[in-house]
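Beneath this line is the structure, given in structure tokens, with notes to follow.
Scope of the values below: all heavy atoms of this structure, side chains included, with no hydrogens, waters or symmetry mates.
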Amino acid sequence: MNADDFPTPDADVETTDPESLKDRIDAGENVTLLDARMQSDYDEWRIDGENVTSLNIPYFEFLEDDIDGDVLAQIPDDHEVTVLCAKGGASEYVAGTLAEHGYDVNHLEDGMNGWASIYEAVEVERYDGAGTLLQYQRPSSGCLGYLLYDDGEAAIIDPLRAFTDRYLDDAAELGVDLQYALDTHIHADHISGVRNLDAEGVEGVIPEAAVDRGVTYADDLTTAEDGDTFQVGDATIETVSTPGHTTGMTSYLVDGSLLATGDGLFIESVARPDLEEGDEGAPEAARMLYESLQERVLTLPDDTLVGGAHFSDAAEPAEDGTFTAPIGALVEEMDALTVDKDAFVELVLSDMPPRPANYEEIIATNLGQNAVDDEEAFTLELGPNNCAASQESLAGD
């Protein structure tokens, strides 16, 4: 039986929407989740948190009329349990079955697909350049983007295809004209929204240095070279070449206040160097990354904020709720930023996590070599991002 092809249960089952579940988790409420997906899916990607108790019991355990008592014994019967699956069908069935057995349950609307649809905008309060800077946060994958707006104009950095309409709607609500959509590099863990926004009249921008990787649509967009600038009201966005994670990796300095580093530097780690040329090319890429960090990033004033394109579970948000940090603080906290080149390369290569799910197909899609529809694009990028080197090996004590 397909995990989403289930009859509606006889028992009444309440539904909780993904935003409400996240609000409960963020508020520190103790939450118990019963994840009914297959163990392999659960092991790869799930909802976690300090106050989250997560159980994995696949949906097929609940298909028999006489459910194994050992299965039911794993499920708390003294407080509410939220059941979830991939898209919401199996979880509704499982929750209904448990309700018939007297459990206090609800199920997550649209399952992990619904969780992946959460996208929040938080103001970067420490940004002191012209205009206002928002950080978009996708908690399911840790993806981050940046919307700068000033004097009726706006630009988005590292937009996601899945949220193309969201950016346009947000700009309209703010009363600004979305002028630019800029990518920092050819992403390996999500489908870029630059081309979709360009099709809606926004000027799409990709790094010139990324074109040689096989970008098929470069002639249709603007390409940014090191030192190029883009004006948004009174704010200036400057292009800063920072290769290493990829040969075309590019950062954008937002009015001298925040460096949008893409996947070059995060607030808890640095980039992994093996997604373009594999293990063979990783050492040279790591050396390139070291030079970019030392010569282009760490030479900026200590109070310049760093904002990466991702955050991991190891990242601690700032007081304003954004995943940003001053360069000076990162140098104090991250060993990888203070060692010499040889030690840096050894450190970065010593403990890299698994490569992102579907990364080769995602890269091909972002290069324009692989065409997928919106549903396929959304499915491809489900799961955790793994574009950073292991945080445990890079951070200080």
Side-chain angles (χ1 to χ4, degrees), residues 1-120 138-142 162 313 357-358 374-376 378-385:
M1 177 181 289
N2 186 288
D4 297 301
D5 189 21
F6 285 84
T8 301
D10 293 332
D12 291 332
V13 179
E14 292 188 6
T15 299
T16 187
D17 62 85
E19 291 79 8
S20 296
L21 176 61
K22 185 175 185 298
D23 287 344
R24 291 171 58 199
I25 294 172
D26 289 347
E29 181 180 338
N30 291 324
V31 172
T32 298
L33 304 178
L34 170 56
D35 195 318
R37 295 176 299 153
M38 301 298 289
Q39 183 177 344
S40 59
D41 296 326
Y42 176 82
D43 289 343
E44 181 177 288
W45 180 51
R46 58 182 178 269
I47 301 173
D48 275 325
E50 290 185 2
N51 49 310
V52 175
T53 300
S54 180
L55 311 171
N56 177 222
I57 306 177
Y59 68 91
F60 59 76
E61 297 284 4
F62 300 91
L63 295 179
E64 300 295 334
D65 291 335
D66 187 16
I67 301 173
D68 192 316
D70 290 339
V71 170
L72 294 177
Q74 298 176 55
I75 305 169
D77 58 6
D78 58 349
H79 60 268
E80 183 182 65
V81 175
T82 297
V83 186
L84 61 96
C85 62
K87 298 180 180 178
S91 62
E92 183 179 19
Y93 175 84
V94 171
T97 301
L98 290 174
E100 292 172 355
H101 283 76
Y103 287 86
D104 180 10
V105 293
N106 58 46
H107 85 103
L108 181 63
E109 181 181 5
D110 297 326
M112 291 299 285
N113 278 13
W115 185 254
S117 297
I118 298 177
Y119 202 51
E120 301 175 320
R138 190 183 194 184
S140 65
S141 63
D313 291 340
N358 305 316
D374 289 345
E375 183 176 354
E376 290 174 305
F378 185 85
T379 301
L380 273 178
E381 62 190 20
L382 292 177
N385 83 79

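- Within 6.0 Å of atom CG in Asp78, more than 12 heavy atoms from other residues, nucleotides or ligands are found, so the atom counts as buried in its surroundings.
- Residues passing the salt bridge (charged side-chain N to carboxylate O under 4.0 Å, His left out) test with Glu120, sequence neighbours excluded: Lys22.
- For the atom pair Asn51 CG and Thr32 OG1, the distance stands at 10.0 Å (nearest 0.5 Å).
- Here Arg24 pairs with Glu29, Glu80 under the salt bridge (charged side-chain N to carboxylate O under 4.0 Å, His left out) rule; sequence neighbours left out.
- In this structure, CE on Met38 lies 11.0 Å from CG on Asp43, to the nearest 0.5 angstrom.
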So Ile47 and Ile25, side-chain contact (heavy atoms from CB on, under 4.5 Å) or not? Walk me through it. CA-CA 10 Å; Ile47 301 173; Ile25 294 172; 4.0 Å; yes
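- The two residues Phe62 and Leu34 have their closest heavy-atom pair at CZ-CD2, 4.2 Å.
- Contact of the Tyr42 side chain with the Pro58 side chain is not registered, since no non-hydrogen atoms from C-beta on lie closer than 4.5 Å.
- Side chain to side chain, His107 and Thr15 meet the donor-acceptor criterion of an N or O pair below 3.5 Å.
- Test Leu33, Ile118, Val52 against Leu21 for side chain to side chain contact (heavy atoms under 4.5 Å, CB included) and you get one pass: Leu33.
- Among pairs with a residue in residues 108-119, those fulfilling side chain to side chain donor-acceptor pair (under 3.5 Å) read Tyr119-Tyr167, at least two apart in sequence or across chains.
- Residues passing the salt bridge (charged side-chain N to carboxylate O under 4.0 Å, His left out) test with Asp48, sequence neighbours excluded: Arg46.
- Taking all atoms of both residues into account, the shortest heavy-atom contact from Pro76 to Tyr103 is O-CD2, 3.4 Å.
- Between Glu61 and Ile67 the shortest heavy-atom distance is O-CG2, 3.7 Å.
- Residues meeting the salt bridge (charged side-chain N to carboxylate O under 4.0 Å, His left out) test with Asp374, sequence neighbours left out: Arg161.
- Scanning both residues, Val13 and Glu92, for their nearest heavy atoms gives CG2-O, 4.3 Å.
- When the shell of 6.0 Å around CG of Asp313 is examined, it contains 12 or fewer heavy atoms from other residues, nucleotides or ligands.
- The distance from atom NE2 of His101 to atom CG of Leu72, rounded to the nearest 0.5 Å, is 5.5 Å.
- With sequence neighbours left out, the side chain to side chain contact (heavy atoms under 4.5 Å, CB included) criterion links Ala116 to Trp45, Arg138, Ser140, Phe378, Leu382.
- In terms of heavy atoms, Gly88 sits closest to Ser91 at O-OG, 3.2 Å.
- One distance of note links CG of Leu98 with CG of Asn106; it measures 11.0 Å at 0.5 Å rounding.
- The nearest pair of heavy atoms linking Gln39 to Asn56 is CA-OD1, 3.3 Å.
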